[in-house]
Amino acid sequence: MNCERAQEAILEFGADADVHAHVAGCDTCRSFLALQRSLDEQLLVAYAAPAVGAGLRAGIRAGIQDEKRKRFGELAPSLIAPGAGLAVSGLCALLAPEMARLALGAGVVLGVASYVGQLLFTWLTEELGEG
Amino acid sequence: MILDLYETKVFRLALSLVGNAARAEEVAQDSLLKVWQALERYDGRAALGTWIYTITRNTALTHLRAESYRRTVPLESIAEPAAAAVSGAGGDVRRLVERLPEEQREVIVLYYYQEKSVEEVALMLDLPQGTVKSHLFRARKMLAEMMQGAKAS
């Protein structure tokens, strides 16, 4: 083994028995190995990663909560119409029990239809906006 | 779950890219929030780690660009940017690392932050492991030369 191959192996963290045998009898490679070990130790000290601050986790959780609130705020208006429709049909069913089935059935069908209609309308306006 | 698995790794990747713990926390927070927002669109084509690290790298770059627009850099700090920030143990070697080409610097810093895992560094930087090893090899060689040069002078 020559010095070039030995130093390459040291740089590749691949110093095997052959390399160590060469290093034992070669001043140049011995000092190269010592230099690399010292460099490795200094780099370990210089780039020991600091611990993650407790604020990071709290910040992420707060961000997620904000996002959830924002999403709910965006969803809420589209639930108002079908929700109100269902509430009115429920009231009708209470006031006129003989027509309860019809009132509730109509309320559910119209509530679902209005929600789907709103979703379609939103989707279409977004598609047209992007187009 | 994702937070537990990736919080530290994302922070370390951000730290290697922005070089400052406070800013790295900002970047890590933004990145993990973006991950949470985009999770329903994650299609599994790339490994989850690769996808998260890509988001982190892009977020760090956005922060760095925004920072460079905001900040007016004094001329005297351009010559040796790390010098002012470095003090104490490891300061000398940090100064040498700052002089490495960018791709070698990123690899060597992450390699030590990630407790010497070539595999993890490759995943974080989206590079083949062979390329990471090659950057490490060149960086260590160059650092050794710089150290010898410093000793000789």
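We name chains A, B, ... by the order of the sequence lines, and we start the count at 1 in each one. Values below: every heavy atom of this structure, side chains too, minus hydrogens, waters and symmetry copies.
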Tell me, for [X] versus chain A, whether the close heavy atoms (under 4.5 Å) come from the side chain, the backbone, both or neither.
| X | result |
| --- | --- |
| B:Ile108 | side chain |
| B:Glu26 | neither |
| B:Lys141 | both |
| B:Tyr113 | both |
| B:Arg140 | both |
| B:Leu15 | side chain |

Applying a strict 4.5 Å limit to non-hydrogen atoms, the region of A:Ser31 in contact with chain B is neither
Is A:Arg57 in contact with chain B via its backbone, its side chain, both, or neither, using a 4.5 Å heavy-atom distance?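 Contact with chain B is through both the backbone and side chain of A:Arg57.
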Picking from A:Leu35, A:Leu43, A:Val52, which has the most non-hydrogen pairs under 4.5 angstrom with chain B? A:Leu43
Only pairs of heavy atoms separated by less than 4.5 Å count here; which of A:Gly63, A:Gly55, A:Ser38 has the most with chain B? A:Gly63
For chain A, find which of B:Asp30, B:Val97, B:Leu32 contributes the most heavy-atom pairs closer than 4.5 angstrom.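 Heavy-atom pairs under 4.5 Å are most numerous for B:Val97.
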Check: [Y] and [X] side chains under 4.5 Å, non-hydrogen atoms:
| X | Y | value |
| --- | --- | --- |
| A:Leu56 | B:Glu7 | yes |
| B:Tyr42 | B:Leu48 | yes |
| B:His135 | B:Tyr111 | no |

Do [X] and [Y] sit within salt-bridge range, that is, some charged N less than 4.0 Å from a carboxylate O?
| X | Y | answer |
| --- | --- | --- |
| A:Arg37 | A:Asp40 | no |
| A:Glu8 | A:Arg5 | yes |
| B:Arg94 | B:Glu98 | no |

Worked verdict on A:Arg71 versus B:Gln37 for side-chain contact (heavy atoms from CB on, under 4.5 Å): CA-CA 11 Å; A:Arg71 283 186 188 182; B:Gln37 285 166 338; 4.2 Å; yes
Could you go through the side-chain contact (heavy atoms from CB on, under 4.5 Å) check for B:Thr131 and B:Glu103 one step at a time? CA-CA 10 Å; B:Thr131 307; B:Glu103 64 274 20; over 6 Å; no
